[in-house]
Amino acid sequence: MIDIRLVRDQPDLVKEALGRRGIPSQEVDALAALDADHRSALARQEALRARVKALSRQVGEARKQKEDAAASALAKESRRVGVEERTAAEESDRLANELRARLLVTPNLPADDAPDGGGPEDNVVGRRWWPGIDAGAPEPEPAEHQRVPHWDVGAELGILDMPRGARMSGSMFPLFRGPGARLLRALTALALDRHATAWEEIRPPTMVLTETITSTGHLPKFADEAYHVERDDLWLIPTAEVPLASVHRGEVLDEAALPVQLTAVTGCFRREAGAAGRDTRGLLRVHEFDKVELFAFATPVQSAAVHADMLARAESLLQTLELPYRVLDLCTGDLGAWAKRTFDLEVYAPGSDRWLEVSSVSWVGDYQARRANIRYRPADGGGNQLVHTLNGSALAWPRIWAALVEWGRQSDGSVRLPEALAPWFGPSPAIGPRVV
RNA sequence: GGAGGGAUGGCAGAGCGGACGAAUGCGCGGCUCUUGAAAAGCCGUGGGACUCCGGUCCCCGUGGGUUCGAAUCCCACUCCCUCCGCCA
């Protein structure tokens, strides 16, 4: 949630910031009006409540003095005011709920330095990287044998079995087998081992309460995107960001403990409602996938450095895996609802012939912390402050799998893997045709 | 799934219808004494909303109810503990 006080005190600033995301200024006016109504209703209710409390105290005193007639007169008056108070409370509750519902679907204010734009076409392409770039090597040009999409390579080598995945779970549920499954396991182990020296490794639940998935911003706005187990009212997480944000939900952290940096691998579940027919082949878009996530709670001052570290970690994994990539600075029109600034990493996949988003690294500011009530005690005293949260993927594996298989394909049809995977695939790591 | 017990401030723990936002201890901060430290003593120490900056209100797991008045009584739910059952 954004800070309602900011809407109150500096509505023009909020209008300008949300306007960059295409939110009309009337939305901000509506919030401000609701807030004003709510506060005056609350003041009315509290004045009545104070009156009831004062009268009740007098009833007690009168009883003690054995002034029964006075006591019952006071009690009668208090009862009358109590009825009024209840009405006033209903009105103020109604307004509070309405205001909260609106705030829950209001997106975050973008960072000042996030580029302006209306949609994905306006994202700013930043630096690019490919193997050997530091030594002056030219950007790699895919050979003919690398122009085979991973779903064909996977089927050829028997390492990706989409039809059988569909048999048990429906379309867009991949089934990896043999070295294909091992490749996923290797990627997860590689990433976690690298992060876990500085970031605490967590293995959270993958089903969470409504409150947990609401505090990140995924509910109520994106309810259609998540799988809901209605019988138990639990949600399958779309990303580890959801449970990790709740690790400290409702807590007041010591500033000395910040930044808290967590990493986790989880399954991620997405209904992909409304994405029918778009990039649905192979692993481009699937309902269930594994992802290693980085998540941090930081002070506002620390957050820029943490954001940079996250991005560096994701990039360093791509470099280790020798995959050409580019960094995108998301424009205001493409920014996720709760992000202030986001960098996406895209890997080029020569067989599918497209750039695949494999990481998204976001600075969220206090937007989630306000929903989840996560604060810190400043070391130099003063009142508790909301923390900043940050999240980033490092990395999402199916698309990495696809890019590795496409780039690695040799003219004989086998797949060469990067040297970093030697611990799982032996020296000169590769996946050949199945012998048996 | 069944039976019982419990949930109060950073922690432990008292209070069980009337000035209770809440005893006490620990912890933490400040001061006195001391060359310094320890010990001792004294003082202070939860969060939040609104504010005409005088204050007002809310929070004792959560949500309802009873009452002039609820941490305290009643109901429902959640979580924790103990025992029984089932189980990877």
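Quick caveat: nothing in here was measured; it's all calculated off a predicted structure. The chains referred to below are lettered A, B, ... by the order of the sequence lines, with proteins before strands, and numbering in each begins at 1. Values below: every heavy atom of this structure, side chains too, minus hydrogens, waters and symmetry copies.
- Residue contacts shown for K76(A) are absent, as no nucleic acid heavy atom lies under 4.0 Å away.
- Salt bridge status for R370(A) with D366(A): present, with a side-chain N to carboxylate O gap under 4.0 Å.
- Residues R375(A) and V387(A) form no side-chain contact, since every pair of their non-hydrogen atoms from C-beta on lies 4.5 Å or further apart.
- At a threshold of 4.0 angstrom between heavy atoms, the contacts of R63(A) include nucleobase atoms, whether or not backbone atoms are also involved.
- Distances from the side chain of A75(A) to the nucleotides G47(B), C68(B), C57(B) place C68(B) closest.
- When the nucleotides C68(B), C50(B), C57(B) are ranked by their closest atom to the side chain of V59(A), C68(B) comes out on top.
- The existence of a salt bridge linking D3(A) and R8(A) is excluded, since no basic side-chain nitrogen approaches an acidic carboxylate oxygen closer than 4.0 Å.
- Using a 4.0 Å heavy-atom criterion, one finds that R39(A) contacts the sugar-phosphate atoms exclusively.
- Taking every side-chain heavy atom of R5(A) into account, A49(B) is the closest of C57(B), G47(B), A49(B).
- Under the 4.0 Å criterion applied to side-chain N and carboxylate O atoms, E346(A) and R399(A) are not assigned as salt-bridge partners.
- You'll find that the side chain of A50(A) is closest to U56(B), out of U56(B), G48(B), C50(B).
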Short N/O separations, protein against nucleotides 69-73 of chain B, under 3.5 angstrom:
residue	atom	partner	partner atom	Å
G69(B)	O4'	S56(A)	OG	2.9

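- Crowding of D113(A) atom CG: a count of heavy atoms from other residues, nucleotides or ligands under 6.0 Å exceeding 12.
- Ring-centre distance between H218(A) and W235(A): not below the 6.0 Å cut-off.
- Using a 4.0 Å heavy-atom distance criterion, R8(A) is classed as a sugar-phosphate-only contact.
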